Amino acid sequence: MAPSLLKAISAVFCAITLVLADNPIDPAFSYGSTKVRGVNIGGWLVLEPWITPSLFDNTDDARIVDEYTFGQYQDENKARATLTNHWDTWITQADFIAIKAAGLNHVRIPIGYWAFDVSGGEPFIQGQIPYLKKAVTWAKHCGLKVLIDLHGAPGSQNGFDNSGQKMSYPQWQTKQSNLERTSAVLRILVQMFEDDTDTVTSIEPLNEPAGFYGDDILRPTKQYYYDSYGAIRYPYGTPKEGNVVAIYHDAFQPTSYWRDFMPSPQWQGVAMDTHIYQIFSNSEVERTEEQHLQVACSRGPDLSSFHLPLIVGEWTPAMTDCAVYLNGRGVGSRYNGTYPDSPGVGSCQGLTGKASTFSPSYKTFLRKSWEAQTITFEKGAGWIQWTWKAESADDWSYQAGLENGWIPRNPEDRKYPDICSSY
Ligand SMILES: *[C@@H]1O[C@H](CO)[C@@H](O)[C@H](O)[C@H]1NC(C)=O
């Protein structure tokens with residue numbers, strides 16, 4: 001080929017690439033300018049003992065502590081029947097209608113890798129995907145946006161029961177094949193919803209990698225995050241960018257750690273997720289109600305000054321770890337001193353379980369906790385409460401909060417609009 005022709009062709013190609021690159025992306029939800037207000041669909045497509053203790057208690061086998069052992073230590077047909085019934089009933093279209101009616105704009109839906117791939121011989125029961133698709137249809141019909149969150153990766157990225165497999169130290173990072181399987185699952189997930197980007201406006205490639213263990217986890221996490229950007233942001237295998245926003249969990253690191261992470265304009269369609277709980281250490285459960293509110297309010301400046309939209313993708317009005325099995329099936333709570341080496345602040349009676357056992361002053365505190373947090377988290381890009389419903393932990397349940405008045409039916413309707421000015 002004549003050099004001049006080559007030059008001409010490459011000039012045209014470059015021009016096309018430039019035009020494509022200059023095309024601003026157009027996500028169906030403007031993260032960063034519109035506040036995210038949402039709720040997690042917890043304990044549905046990923047089991048958690050504390051959200052549905054009955055599913056675990058009914059097995060009569062104390063070794064069943066997560067979804068992995070749920071498939072491992074009981075008859076497969078029985079496990080499948082229980083799970084199918086759970087998927088059919090725990091969340092239905094009526095829940096999505098109620099979520100929309102509560103003035104929320106987002107649902108975050110956790111899903112585990114095992115819904116897509118059990119090629120490692122894992123004993124997980126599959127069958128979640130049709131429900132995920134159904135949920136996206138429900139959201140589309142009522143105008144909710146969906147953040148799909150890969151909540152568990154092969155080998156477990158954090159060792160928590162909610163990653164599918166509870167263990168003392170995560171194993172995800174120990175094998176290249178685990179990382180490759182995670183990337184492959186992510187690509188399937190992205191492609192599954194590539195025609196639904198009006199509804200599935202964001203995807204979170206990994207929930208809560210255990211960055212508190214240091215570089216052993218952080219290094220592979222960052223590598224996987226950069227790989228995920230390609231999968232989520234360039235779904236067509238061409239230089240054309242998609243409209244789905246990649247939302248990255250902060251791996252429990254402070255915003256300062258992510259100071260240089262994927263800045264615009266080189267990177268587009270990126271947001272960050274942080275989870276704010278005040279209940280998973282002795283010093284936190286020992287805080288007074290006033291201290292809990294004060295700490296919640298103190299997060300505002302940090303949330304508002306990050307270079308990416310920063311969403312609080314998990315949090316709760318609950319300020320104790322009293323919910324049964326919250327720390328794991330058969331594990332006690334720090335608050336009442338039944339967890340190893342815990343202080344025992346007081347009795348859990350009337351602080352979790354059914355709202356009918358809650359005193360008026362406790363319900364007032366939950367309302368203040370809800371308002372202090374939502375007000376503060378809207379200094380950032382918004383919030384997604386954990387979780388929509390729980391069998392017997394109304395302190396965590398958005399649905400119970402609505403029914404019992406500590407969560408307003410319109411999230412802008414605040415009783416304590418100045419709560420954070422007093423701290
Ligand atoms: C402590 O709290 C846990 C979780 O709510 C509960 O299961 C347990 O019965 C409580 N134990 C005592 C001794 O109060």
Side-chain angles (χ1 to χ4, degrees), residues 40 42-44 46-67 69-70 73 86 90 158-163 166-168 208 275-289 291-293 295-296 314-370 373 385-401 403-404 406-407:
N40 281 275
W44 187 40
V46 175
L47 289 190
E48 295 198 36
W50 76 267
I51 298 179
T52 55
S54 73
L55 295 187
F56 289 80
D57 290 343
N58 288 342
T59 64
D60 279 329
D61 185 334
R63 293 174 304 172
I64 296 181
V65 297
D66 54 25
E67 196 158 331
T69 47
F70 195 88
Y73 292 128
H86 171 65
W90 181 248
N158 52 34
F160 303 158
D161 57 11
N162 57 59
S163 71
K166 183 177 177 171
M167 56 183 76
S168 54
E208 297 190 346
H275 296 171
I276 299 183
Y277 292 112
Q278 295 190 41
I279 52 180
F280 292 115
S281 68
N282 288 346
S283 61
E284 287 170 302
V285 294
E286 285 179 301
R287 286 178 190 151
T288 64
E289 290 188 345
Q291 285 170 334
H292 281 299
L293 299 176
V295 169
E314 290 190 20
W315 62 280
T316 172
M319 289 297 172
T320 74
D321 65 343
C322 284
V324 175
Y325 297 171
L326 182 66
N327 297 311
R329 184 182 185 187
V331 179
S333 78
R334 294 174 184 84
Y335 192 84
N336 72 1
T338 55
Y339 187 89
D341 302 318
S342 62
V345 177
S347 166
C348 282
Q349 196 62 45
L351 301 180
T352 190
K354 289 288 156 203
S356 54
T357 68
F358 296 178
S359 68
S361 70
Y362 183 50
K363 285 189 269 192
T364 298
F365 171 68
L366 289 173
R367 175 81 183 220
K368 288 182 177 172
S369 169
W370 191 90
Q373 292 186 84
Q385 183 176 322
W386 193 276
T387 186
W388 173 241
K389 56 187 287 206
E391 268 178 5
S392 55
D394 281 355
D395 45 332
W396 287 72
S397 162
Y398 204 101
Q399 192 182 44
E403 282 163 8
N404 294 281
W406 68 81
I407 297 179

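Predicted, not measured: the structure shown is a model, and the values here were computed from it. For ligands, and for the atoms within them, numbers begin at 1 and follow the listed sequence.
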**Prompt:** Which residue supplies the protein heavy atom nearest to atom 13 (C) of ligand 1, what is that atom called, and how far is it?
**Reply:** Thr338 CG2, 3.9 Å
**Message:** Give me the residue, atom name and distance of the protein heavy atom closest to atom 7 (O) of ligand 1.
**Reply:** Val324 CG2, 3.9 Å
**Message:** At less than 4.0 angstrom from any non-hydrogen atom of Ser333, what atoms of ligand 1 do you find?
**Reply:** 2 (O)
**Prompt:** Quick one: which ligand 1 atoms are inside 4.0 Å of a heavy atom on Asn336?
**Reply:** 1 (C), 2 (O), 3 (C), 8 (C), 10 (C), 11 (N), 12 (C), 14 (O)
**Message:** With the threshold set strictly below 4.0 angstrom, can you tell me whether any protein non-hydrogen atom sits that near atom 11 (N) of ligand 1?
**Reply:** yes
Is it the case that the side chains of [Y] and [X] hold a donor-acceptor pair, with the cut-off being a distance below 3.5 Å and no angle test?
X	Y	value
Thr352	Asp395	yes
Asp66	Thr69	yes
Thr338	Asn336	yes

**Request:** Report yes or no: does a heavy atom of Cys322 sit under 4.0 Å from some atom of ligand 1?
**Result:** yes
**Asked** If you look at every heavy atom in Thr357 and Lys354, which pair is closest and at what distance?
**Response** OG1-O, 2.8 Å
**Prompt:** salt bridge (Lys or Arg N to Asp or Glu O under 4.0 Å): which pairs involve residues 314-324, sequence neighbours left out?
**Reply:** Arg108-Glu314, Asp321-Arg334
